[in-house]
There are 2 protein chains.
Amino acid sequence: MMSDDLLKAHISDTMEIAEPLLDSICASFDEMEVRKGEYVLRQGNPCRFEAYVCRGCFRIFVIDEKGNEKILYFAEADWWLMDIDSFMNRSASVLNIQALEDSVILSISQQEKDNLYQRFPTVEKFFRLMFQKAVVAWQRRLIRNHTQTALERYQYFLQKYPGIAVRVTDRHIASYLGISHEFLSKIKKKTAV
Amino acid sequence: MMSDDLLKAHISDTMEIAEPLLDSICASFDEMEVRKGEYVLRQGNPCRFEAYVCRGCFRIFVIDEKGNEKILYFAEADWWLMDIDSFMNRSASVLNIQALEDSVILSISQQEKDNLYQRFPTVEKFFRLMFQKAVVAWQRRLIRNHTQTALERYQYFLQKYPGIAVRVTDRHIASYLGISHEFLSKIKKKTAV
DNA sequence: GATATTCATTGAACAAGTTCAACTTGGAGA
DNA sequence: TCTCCAAGTTGAACTTGTTCAATGAATATC
């Protein structure tokens with residue numbers, strides 16, 4: 001199936017891995033369709049899955065005590081969906097994950113994942129590398145937040161994620177950047193002139 | 001040696017592991033003393049080591065284009081020191097790591113670490129868990145940065161890291177919080193009243 | 001023990017970003 | 001096609017945080 005092929009390519013891009021092992025790994029994932037607007041996770045519930053995005057686009061966000069949504073990141077094809085905090089600590093999730101378009105994901109349950117870890121040491125390596133890359137990404141993001149203005153962060157976003165920039169609303173982009181949507185609008189006007 | 005015992009406790013707190021394996025792992029680390037003010041890493045150089053802090057305190061910071069230092073985090077006993085970005089991508093480091101006190105660390109070279117990964121699959125698991133926890137920490141940090149004011153972040157820092165708060169200067173704390181040291185001073189005055 | 005040097009504090013002027021309210025535009029659904 | 005609702009824009013007042021400059025307190029160095 002095509003969805004499995006994407007995941008296989010994703011894994012073998014990360015490291016050397018034998019084809020039969022790839023098959024076994026992919027067999028533990030379930031393909032799911034998610035319609036635009038649907039949630040794959042709501043805060044308060046424990047996150048008992050991890051999912052690989054094959055097609056579509058999601059937003060991962062929190063809601064603060066004033067009721068404002070704050071987007072942590074967007075996930076399009078080739079990204080992962082999960083609340084790793086909730087998943088590893090078996091706690092209530094603080095994250096919400098919602099499809100912004102009709103999407104297709106490959107999902108694996110906590111149980112199946114534990115199984116994979118126990119059966120195949122190579123799976124440990126793959127996720128070790130994946131989390132290592134995630135740490136790098138978060139660290140770079142914090143550095144940008146501490147050294148760049150809102151305008152610079154906006155321009156970086158446009159340049160780094162042109163695909164996402166055209167699919168999501170400006171309100172969502174502003175939320176991701178950590179600014180109000182009114183201010184984003186004013187920033188855009190400046191750059192346009 | 002006492003330093004090894006700390007690292008052993010750190011590892012076996014994270015997961016089940018046999019004693020002889022712990023010994024083998026620790027044997028790959030070298031104990032080093034670092035004097036106050038000394039750097040274990042300077043930006044521009046590749047980071048070819050990871051280090052576990054046994055005693056003392058460090059700051060991990062970047063320097064932006066205006067020459068301002070921005071502290072990403074502090075590391076006291078039981079924390080790790082590295083530029084994971086530089087380490088995994090074999091690129092020039094953007095981070096600086098400096099001892100704020102006379103300190104003791106256990107350091108492992110890139111080569112020795114690759115060795116460990118190849119000899120012991122369990123080591124993959126340990127670092128997979130470690131990076132997973134790191135992702136959780138960075139994610140929580142971003143959420144706080146996007147939902148809390150400078151005052152709230154300061155109070156959280158005091159409550160979460162009381163040990164660090166008394167060892168480092170207010171300038172460093174301000175830099176960590178992402179605000180000017182003058183503004184931190186004004187915040188402190190408010191809370192004191 | 002004297003002297004630099006760095007650190008914390010404070011005030012005033014300024015810049016960056018928010019909030020609220022009003023208005024316009026553009027789709028999605030009936 | 002019409003309607004309605006959500007998205008984007010703009011302005012004014014406001015809040016949060018910065019910058020620069022001056023001062024006193026605390027540390028390190030010789």
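- Closest approach of A/Phe61 to A/Ile71, counting heavy atoms only: CB-CA, 3.7 Å.
- In this entry the distance linking NE2 of B/His146 with C1' of C/dG17 reads 13 Å, nearest Å.
- Taking hydrophobic clusters as Ile, Leu, Val, Met, Phe, Trp and Tyr residues chained together by side-chain heavy-atom distances below 4.5 Å, B/Val94 shares a cluster with B/Ile84.
- A perpendicular orientation is assigned to the rings of B/Trp80 and B/Phe127, their planes being inclined by more than 60° (bins at 30° and 60°).
- As rounded to whole Å, 14 Å separates atom P of C/dC7 from atom NZ of B/Lys188.
- A/Phe157 has its ring centre less than 6.0 Å from the ring centre of A/Tyr176.
- In this structure B/Glu124 satisfies the salt bridge (Lys or Arg N to Asp or Glu O under 4.0 Å) test together with A/Arg128, sequence neighbours excluded.
- The stretch residues 176-186 of chain A touches DNA chain C through A/Gly178, A/Ile179, A/Ser180, A/Glu182, A/Phe183, A/Lys186, each having a heavy atom within less than 4.0 Å of the strand.
- The separation between B/Arg167 atom CZ and C/dC7 atom P is 18 Å, rounded to whole Å.
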Please evaluate residues A/His181 and A/Asp170 with respect to the criterion side-chain hydrogen bond (donor to acceptor under 3.5 Å, both in side chains), reporting the C-alpha separation (whole Å), side-chain torsions for both, the decisive distance (0.1 Å), and the verdict. CA-CA 7 Å; A/His181 66 276; A/Asp170 278 5; over 6 Å; no
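- A parallel orientation is assigned to the rings of A/Tyr73 and A/Trp79, their planes being inclined by less than 30° (bins at 30° and 60°).
- From the 5' end on, the contacts that DNA chain D makes with chain B at under 4.0 Å to a non-hydrogen atom open and close at D/dG17 to D/dA28.
- C/dT19 atom P lies 13 Å from atom CZ of A/Arg171, rounded to whole Å.
- Here the C1' atom of nucleotide C/dT25 and the NZ atom of A/Lys189 are 16 Å apart, to the nearest Å.
- Across all strands, B/Lys36 comes closer than 4.0 Å only to sugar-phosphate atoms, never to a base (heavy-atom distances).
- Judged by a 6.0 Å distance limit and a 45° cone about the ring axis, B/Arg153 is not positioned over the six-membered ring of B/Tyr156.
- Atom NZ in A/Lys70 sits about 10 Å away from atom C1' in C/dT18, given to the nearest Å.
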